[in-house]
Amino acid sequence: MAEKFELNEVEVWDGNYATSQALRQAQVDVVAAYPITPSTPIVENYGSYVANGFVDGEFVMVESEHAAMSGCIGAAAAGGRVATATSSQGFALMVETLYQASGMRLPIVLTVVNRALASPLNVRGDHSDMYLGRDSGWIQLDAFNSQEAYDLPLCAFKIGEDMSVRLPVMVHQDGFTTSHKAQNVYPLDNDVAYNFVGDYVPVDEMLDFTRPVTHGAQTEEDWHYEHKAKQHKALMDSRPVIDRVLAEFKELTGREYKRVETYMMEDAQIALVILGSSVETAILAAKQLREEEGLKVGIIAPRCIRPFPYDLIRDAIDNSSNLKAICCMDKSAPGGAMGMLFNEVSSAAYTTNTRPLISNYIYGLGGRDFAIDEAKRIMKEQKAHADAGHITTNIQQFSGLRGPKLGFYETRRS
Amino acid sequence: MAITSVKNLKEFSTNNDRFEGAHLLCPGCAHSMIVRELMNCTDDNLVISSNTGCLEVSTAVYPYTSWDTSWIHIGFENAATAVTGAEAMYKARKRKGTLKDPDAPVKFVAFGGDGSTYDIGFQWLSGAMERGHDFTYICLDNENYANTGGQRSSATPIGATTSTAQAGTHSYGKKEKKKDIVSIMAAHGSPYVAQLAPNKWKSMAKGFQKALETEGPCFINTVSACTTEWKFDPKDTIHVTDLATDSLMFPIYEIIEGHELNILYRPKNIISVEDYLGAQGRYKHLFKPQNRHVIEQIQKDIDDNWARLQRREEARI
Ligand SMILES: Cc1ncc(C[n+]2csc(CCOP(=O)(O)OP(=O)(O)O)c2C)c(N)n1
Ligand code: SF4
Ligand SMILES: [Mg+2]
């Protein structure tokens with residue numbers, strides 16, 4: 001039996017520490033991991049729990065992130081709870097195995113502490129790694145602060161391990177702005193947390209010798225398509241399960257999470273769509289503009305990146321009858337396209353009655369600061385679009401970039 | 001019943017088969033002989049992983065499987081990590097009491113081709129060996145990337161022609177010598193490494209059993225004659241393998257705890273490597289006058305290696 005780790009009602013934890021505590025409380029059977037900034041402390045903290053008897057599971061320090069996920073896959077197929085953490089280059093090195101984990105329907109929980117991708121090498125937070133994973137067949141949840149970096153992994157095990165889901169889940173948090181920022185965190189009692197997550201129920205486990213199983217078979221044009229379609233269906237159908245688990249979590253803790261968080265959207269004339277630790281900045285900016293200029297700004301913050309919440313985004317737009325302009329804030333180098341949020345939100349918005357104007361900002365790459373003043377400037381610019389009835393700037397622009405202004409795509413002027 | 005001490009081939013052939021004969025490997029492929037022998041040499045439950053390669057694509061084509069045991073394939077490079085992840089889970093669940101049958105004996109085994117072992121999966125294998133998991137890694141060494149049509153690997157011997165190191169008017173085939181994987185694995189501090197061959201099936205079964213019984217990470221390089229890429233008649237697999245072991249192109253030996261080297265097969269009549277090379281299409285071009293020097297080089301390397309192995313056996317270092 002593991003030693004009891006005593007917790008206070010309120011702890012001061014950064015996002016990394018909060019996540020390692022969640023892994024400890026979920027009584028993970030195998031953690032296979034490899035260090036990389038800024039997620040390293042998750043692995044180190046967990047290692048200290050191992051060294052001091054606070055966990056019963058195995059801790060396998062492998063020689064690369066590709067091996068970390070490979071080990072997680074082998075362990076998960078052997079029928080137990082598995083978790084790991086990584087960032088950036090480590091995430092990129094893992095990519096092959098991410099698709100293998102989801103294709104094999106193994107409910108592994110991976111914390112991704114978001115960080116830019118090289119080159120140039122950069123250790124600071126942006127969402128390049130998060131975006132790189134978005135077609136890998138994983139559920140992706142986004143924690144905006146340390147409390148959520150504790151709460152969401154607990155939910156992630158319960159979602160991924162649900163019998164109707166059985167998919168791996170990533171929980172994202174922003175490098176440094178969340179991972180290294182200490183805040184008050186309200187942890188659950190150890191037993192309460194474990195009981196919420198529940199015992200792991202193995203499916204097709206390799207350690208049940210009465211029923212041999214083959215994992216990771218070959219399929220070609222005869223079966224691959226059906227397999228991938230089923231996998232996609234499982235991902236799409238995970239939405240009510242995510243909703244249910246988040247509702248149960250609210251019941252237990254009073255903390256409410258939704259697949260899309262909306263703030264001040266009821267009467268909003270303009271909205272910012274934004275992720276991660278910047279959500280808080282955007283909310284503060286919106287509140288100030290409401291007070292200072294009476295500008296009705298709302299915030300839409302997708303908490304679930306995959307499956308993408310087209311349904312709730314559409315509802316958020318449809319339920320805001322005054323909404324005229326939306327700006328999607330993408331914190332990842334778009335690589336020759338519009339930002340991911342712009343593309344996804346536009347396709348959701350196209351099916352709404354109001355079809356507001358939608359523009360795109362790239363911001364915060366490599367950890368470039370995103371401050372309240374800049375958020376307000378962008379919001380006011382949306383107001384100008386709304387007043388003009390068309391987008392008055394390029395559709396895609398760059399926020400906080402030094403040198404000449406950069407923008408792409410002219411809008412059609414009336 | 002599986003064998004614990006098999007006396008003859010007939011007895012061996014009547015053993016319970018956990019590797020079903022209905023697979024897609026070429027007729028005469030040695031991979032299946034080696035895998036079957038491993039699975040028949042123990043009564044214990046097996047958790048097996050395979051890297052991508054001929055073995056994997058030929059034995060687990062949905063909705064069929066040849067594996068009447070727990071089996072997993074992830075990718076080309078990570079079978080060692082897959083099975084050691086499972087081994088870690090076994091330890092965790094045993095400690096926590098969540099195994100269905102905690103007393104069931106189990107062995108963890110990974111199979112990789114030479115491509116996945118010597119090349120792309122080298123790091124994954126090295127990491128798993130260093131971590132000291134209790135598992136056995138078996139390399140099915142056919143000296144090329146057979147599954148993808150016979151490209152060179154770092155196990156391909158000098159002089160062999162492959163699709164990416166071709167013999168031609170300006171080339172005698174592969175220029176580089178084969179990597180000495182057995183020494184590299186022994187240098188990891190592995191308690192048991194060996195090089196074995198399916199024609200010497202008794203020593204192979206014994207070596208497999210030793211590896212399975214030895215606690216810790218064990219490594220075995222097996223000679224797996226590939227009828228398609230070595231270019232010989234499918235009925236001649238064992239004959240070609242005999243030539244390989246009798247010419248000492250593939251000496252059969254084990255190394256215990258990194259220093260105790262035992263030669264497991266001493267040919268009564270050591271044959272010239274020409275007999276071995278001449279039996280395969282992939283070396284045909286070496287018999288042209290301008291390439292003869294390569295055969296001489298190969299023979300010299302074999303002689304040096306044999307002398308070195310004997311010295312190591314004697315010196316115990
Ligand atoms: C990452 C990756 N790179 C390349 C391949 C293509 N590939 C599949 S099997 C193979 C060669 C296998 O060679 P080997 O390991 O020697 O096994 P054999 O087929 O010869 O038994 C290659 C190149 C792959 N599947 N994955
Ligand atoms: S190509 Fe060679 S290794 Fe592959 S199945 Fe055929 S004989 Fe076996
Ligand atoms: Mg090969």
Side-chain angles (χ1 to χ4, degrees), chain A residues 1-2 27-32 34 55-64 66-82 96-97 99-101 103-104 106 199-202 204-220 222-224 226-227, chain B residues 18 24 44-50 52 56-96 98-102 104-106 108 110 121 123-124 126-128 130-131 133:
Chain A
M1 264 301 275
Q27 298 182 21
V28 174
D29 293 303
V30 174
V31 168
Y34 193 82
V55 295
D56 282 336
E58 285 289 305
F59 180 53
V60 189
M61 282 311 292
V62 292
E63 78 292 343
S64 77
H66 190 292
M69 188 48 65
S70 303
C72 284
I73 292 170
R81 186 164 289 151
V82 175
E96 183 196 24
T97 53
Y99 283 74
Q100 290 157 338
M104 292 161 84
L106 299 169
D199 289 339
Y200 186 87
V201 182
D204 294 336
E205 55 156 309
M206 291 201 294
L207 297 177
D208 175 3
F209 303 114
T210 60
R211 200 176 152 271
V213 281
T214 286
H215 283 269
Q218 178 95 0
T219 61
E220 293 303 335
D222 49 355
W223 283 111
H224 189 82
E226 280 71 22
H227 189 99
Chain B
R18 289 191 275 181
L24 304 172
D44 291 355
N45 299 297
L46 289 165
V47 175
I48 292 182
S49 69
S50 301
T52 311
E56 169 268 329
V57 302
S58 304
T59 58
V61 182
Y62 182 85
Y64 305 105
T65 183
S66 305
W67 303 90
D68 194 9
T69 186
S70 303
W71 184 86
I72 184 169
H73 156 254
I74 309 178
F76 186 16
E77 63 289 87
N78 48 8
T81 324
V83 90
T84 55
E87 186 253 11
M89 182 56 78
Y90 173 76
K91 281 194 220 145
R93 291 183 63 191
K94 190 149 180 153
R95 193 178 308 129
K96 294 186 181 191
T98 62
L99 288 170
K100 288 219 170 90
D101 181 359
V106 54
F108 296 87
Q123 172 187 317
W124 286 254
S126 176
E130 182 270 337
R131 291 193 301 274
H133 297 273

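Lettering of chains follows the sequences in order, A, B, ..., and the numbering in each one begins at 1.
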Closest heavy-atom contact between [X] and [Y]?
X        : Y        : answer
A:Leu207 : B:Tyr90  : CD1-CA, 3.7 Å
B:Ser70  : A:Pro212 : N-CB, 4.2 Å
B:His73  : A:Met104 : O-CE, 3.6 Å
B:Ile72  : A:Gly74  : CD1-CA, 4.2 Å
A:Gly216 : B:Trp71  : O-CZ3, 4.2 Å
B:Ala60  : A:Thr214 : CB-CG2, 4.0 Å

What's the spacing between [X] [atom1] and [Y] [atom2] if we round to 0.5 Å?
X        : Y        : atom1 : atom2 : value
B:Lys96  : A:Glu58  : NZ    : CD    : 10.0 Å
A:Glu205 : B:Thr98  : CD    : OG1   : 8.0 Å
B:Tyr62  : A:Asp222 : OH    : CG    : 10.0 Å

Is chain A contacted by the side chain of [X], its backbone, both, or neither, given a heavy-atom distance below 4.5 Å?
X        : result
B:Glu87  : neither
B:Thr84  : neither
B:Val47  : side chain
B:Asp68  : both
B:Ile74  : both
B:Glu130 : neither

>> One pair to check against side chain to side chain contact (heavy atoms under 4.5 Å, CB included): A:His66 and B:Gln123. What are the steps and the verdict?
In response: CA-CA 10 Å; A:His66 190 292; B:Gln123 172 187 317; over 6 Å; no
Considering only heavy atoms, which portion of [X] lies under 4.5 Å from any heavy atom of chain B: side chain, backbone, both, or neither?
X        : result
A:His227 : neither
A:Arg211 : neither
A:Val28  : backbone
A:Glu220 : neither
A:Thr97  : side chain

Pairs of heavy atoms under 4.5 Å with chain A: top-ranked of [options]:
options                            : answer
B:Ala82, B:Ala86, B:Gly75, B:Ala79 : B:Ala86
B:Arg95, B:Lys100, B:Arg93         : B:Arg93
B:Val83, B:Leu99, B:Thr69          : B:Thr69
B:His133, B:Arg131, B:Glu56        : B:Arg131

>> Do A:Gln218 and B:Thr52 have side chains that approach each other closer than 4.5 Å (heavy atoms only, starting at C-beta)?
In response: no
>> Test of understanding: with side-chain contact (heavy atoms from CB on, under 4.5 Å), list the residues that count as partners of A:Ala67, not counting sequence neighbours.
In response: A:Val62, A:Glu63, A:Ser64, B:Thr81, B:Trp124
>> Test of understanding: with side chain to side chain donor-acceptor pair (under 3.5 Å), list the residues that count as partners of A:Tyr34, not counting sequence neighbours.
In response: none
